[in-house]
Amino acid sequence: MTILIVDDAPDNIRMLANILIQDHHVIFATSGQQAMESAVANRPDLILLDVMMPEIDGFFVCSWLRENEKTCDIPVIMITAMNDSSAETRGFAAGAVDFLTKPVNPPVVRARVTAHLVLKKQRDELVRLNEQLQEEIMECTRLEEKLREQAEFDELTGLPNRKLFNDRLHQAILMGERKQRNFALMFVDLDRFKWVNDTLGHDAGDTLLIEVARRIKGVVRKSDTVARLGGDEFTVILLDILHESMAELVARKILEELCTPFLLKGEEVVISGSVGVSLFPADGSNAQELVKNADSAMYQAKHSGRNTFRFFSDEIDSKAHQRMKLEGEMRLAIQKEEFFLDYQPKIRLSTGRMTGVEALVRWNHPKEGVLSPNQFIPLAEGSGLILLMGAWVLRTACRDAMCWANEGFADLKLSVNLSALQFREGEKLLQMVEETLQETGFPAGNLELEITESMMIGNMEQVSITLQKLRGMGVNISMDDFGTGYSSLALLKDLPIQVIKIDRSFVRDLEKDDKSADFTSAIISMAKQLGLKVVVEGVETAAQLQILREQGGDEIQGFFFSPPLGRGAFLDLLQGQLPMGGGASL
Ligand code: C2E
Ligand code: MG
Ligand code: MG
């Protein structure tokens with residue numbers, strides 16, 4: 001034990017040192033300043049401190065030691081002159097633990113010093129034990145957390161395990177019941193997991209499972225649950241399913257991910273998966289039923305040749321597979337040249353002459369016959385095929401229009417519909433339009449691209465930029481199906497749009513229903529004020545035509561003048577060889 005003796009009189013130091021040197025390691029200081037420095041540097045176990053010193057006295061040194069973090073625990077015994085009771089009071093206040101009076105009595109010094117060293121030792125031990133206890137408590141909490149994690153999460157993949165999956169499933173059912181929401185439960189099983197384990201070893205199997213977990217998670221939303229029940233058995237809970245086609249889309253994406261080769265031990269390995277889907281509440285109102293049915297759907301998927309999905313319900317399953325089949329056929333339809341365009345004229349009311357034409361795509365399906373765009377465009381959007389198809393439509397329409405221009409109809413305006421997905425491609429769309437115009441030589445000023453209000457949803461800024469750039473190329477923009485979306489006037493004011501097309505649902509009831517007539521009349525006069533051209537779609541009768549003429553519409557498009565026609569028939573019409581239907585009375 002180290003004892004620091006502080007006294008300005010060397011004799012006093014010597015005397016105290018003599019008393020203590022036998023049992024302890026003694027160091028000393030001869031001023032207050034030295035005492036503080038030595039205490040910090042040597043950290044003695046006890047300090048004997050003279051009160052009366054020049055410059056810095058013992059009271060100051062004691063207070064200072066108490067306040068210093070490094071020295072605050074060192075017990076200080078003060079040495080005062082006999083009968084100075086006020087010194088004791090000040091000394092205790094400064095933080096001294098005890099007093100000795102001069103001249104000192106050796107046995108008393110030894111006894112007091114020993115007592116305080118023992119006390120200090122015990123206190124230090126207490127502090128150490130306390131720290132140790134706290135550390136142990138923390139370790140316990142850490143262990144508990146880890147145990148809880150192990151109880152709820154799969155150690156290998158970090159995904160929720162069976163227990164947590166069951167909790168989440170019950171929660172989804174409760175929420176579904178309370179808020180009337182549908183959700184889907186999927187069972188995903190790898191088709192070649194056993195093979196990987198047997199031939200490449202368990203390490204490779206583990207790597208595969210980790211990668212599979214990552215890929216499946218990448219396909220679903222954050223709020224959905226991907227769990228591993230064990231082995232190669234994964235489950236997915238897809239919350240808030242609006243339509244079964246959403247589950248179908250996710251199932252297909254998962255299958256696609258599982259078909260993409262995995263890199264295992266430096267080798268590219270192709271496995272695939274089988275997915276079974278049950279829907280809440282249609283396929284079960286409780287967890288047990290939903291699990292059983294998703295599992296049985298998964299087995300059916302396996303039995304029907306793997307690398308596929310099955311819905312539990314036969315009806316939904318056959319609809320989903322029909323869609324999938326059609327989508328697969330659509331991929332080939334472009335190469336097989338099964339798409340073709342019909343053309344529907346637009347007539348200027350003031351002159352009765354054809355001013356423009358809208359290109360409308362059709363699919364001549366080998367078995368189903370001619371399909372209308374409403375039957376395949378949504379599918380083409382879901383698969384991204386619309387981008388290829390849209391480019392084909394624009395190119396073909398521009399080529400045809402160039403032919404008509406060469407026949408002497410160079411003023412004819414050509415309208416082509418854009419889909420939301422095409423439009424969202426921004427830069428790619430601009431590039432595609434530019435290339436097509438260049439390649440076909442069709443003048444940008446004669447091209448009109450039709451967009452719908454629903455395409456404006458979301459990123460207005462991006463939409464506006466894309467439209468401005470199209471405008472910059474000289475292309476005209478037309479707002480199709482106006483009145484069926486949110487018919488926002490603000491949109492028309494802020495965006496570079498030149499034409500609005502009033503949807504045919506308003507024309508249909510024009511004669512019977514004053515509201516429809518009010519609507520068309522209001523839109524036409526508002527469009528006039530904004531300097532927009534108004535095209536009215538779906539005009540079928542002379543009476544409708546008359547009303548629209550009175551209301552001041554600019555152009556009409558509809559069966560009254562002509563239905564959409566094939567390329568040849570349209571050219572005939574253009575050249576005036578066909579009788580112009582109701583056009584005669586225009
Ligand atoms: P839309 O752009 O509003 O096209 C007008 C639709 O109304 C066409 O239907 C046309 O045949 C139909 N129609 C025209 N006049 C009349 C009429 O007097 N009475 C009735 N009842 N109907 C009439 P279609 O050809 O079935 O096209 C449906 C929709 O598919 C189009 O609506 C358009 O949004 C979309 N569409 C067509 N071709 C393409 C395309 O190449 N790309 C994209 N993205 N969409 C297309
Ligand atoms: Mg259109
Ligand atoms: Mg329309």
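Note that this is a predicted model, so its numbers are computed, not measured. Below, each value reflects all heavy atoms present in this structure, side chains not excepted, and no hydrogens, waters or symmetry copies. Both counts, for ligands and for their atoms, begin at 1 and track the order of listing.
- Heavy atoms of Arg508 come nearer than 4.0 angstrom to ligand 1 in no pair at all.
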Please lay out, stage by stage, how Glu434 and Gln438 fare under the test side-chain hydrogen bond (donor to acceptor under 3.5 Å, both in side chains). CA-CA 6 Å; Glu434 181 132 48; Gln438 224 160 48; 5.2 Å; no

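- Because the distance cut-off is set at 2.8 Å, Glu450 qualifies as a neighbour of the Mg ion (ligand 2) through one of its N, O or S atoms.
- Residue contacts with ligand 1 include Glu358, since one of its heavy atoms falls under 4.0 Å from the ligand.
- Not close to ligand 1: Gly390, with no non-hydrogen atom less than 4.0 angstrom away.
- If you look at Asp480 next to ligand 1, the close heavy atoms, those under 4.0 Å, all belong to the side chain.
- Applying the 4.0 Å criterion to heavy atoms of Glu450 picks out, from ligand 1, the atoms 2 (O).
- Annotation: side chain of Asn417 is in contact with side chain of Glu358 (closest heavy-atom distance under 4.5 Å).
- Contact annotation: for Ser419 versus ligand 1, heavy atoms closer than 4.0 Å belong to both the backbone and the side chain.
- The backbone and the side chain of Asn417 each have at least one atom closer than 4.0 Å to an atom of ligand 1 (non-hydrogen atoms only).
- Using a 4.5 Å cut-off on side-chain heavy atoms (C-beta onward), Leu545 and Arg549 make contact.
- Taking 4.0 Å as the cut-off between side-chain N and carboxylate O, Glu439 and Arg399 count as a salt-bridged pair.
- The side-chain heavy atoms of Phe312 and Gln300, taken from C-beta on, include no pair separated by under 4.5 Å.
- At least one N or O atom of Val361 sits closer than 3.5 Å to an N or O atom of ligand 1.
- For residue Asn417, an N/O/S atom approaches the Mg ion (ligand 2) to within less than 2.8 Å.
- In summary, an N, O or S atom of Asp480 is located under 2.8 Å from the Mg ion (ligand 2).
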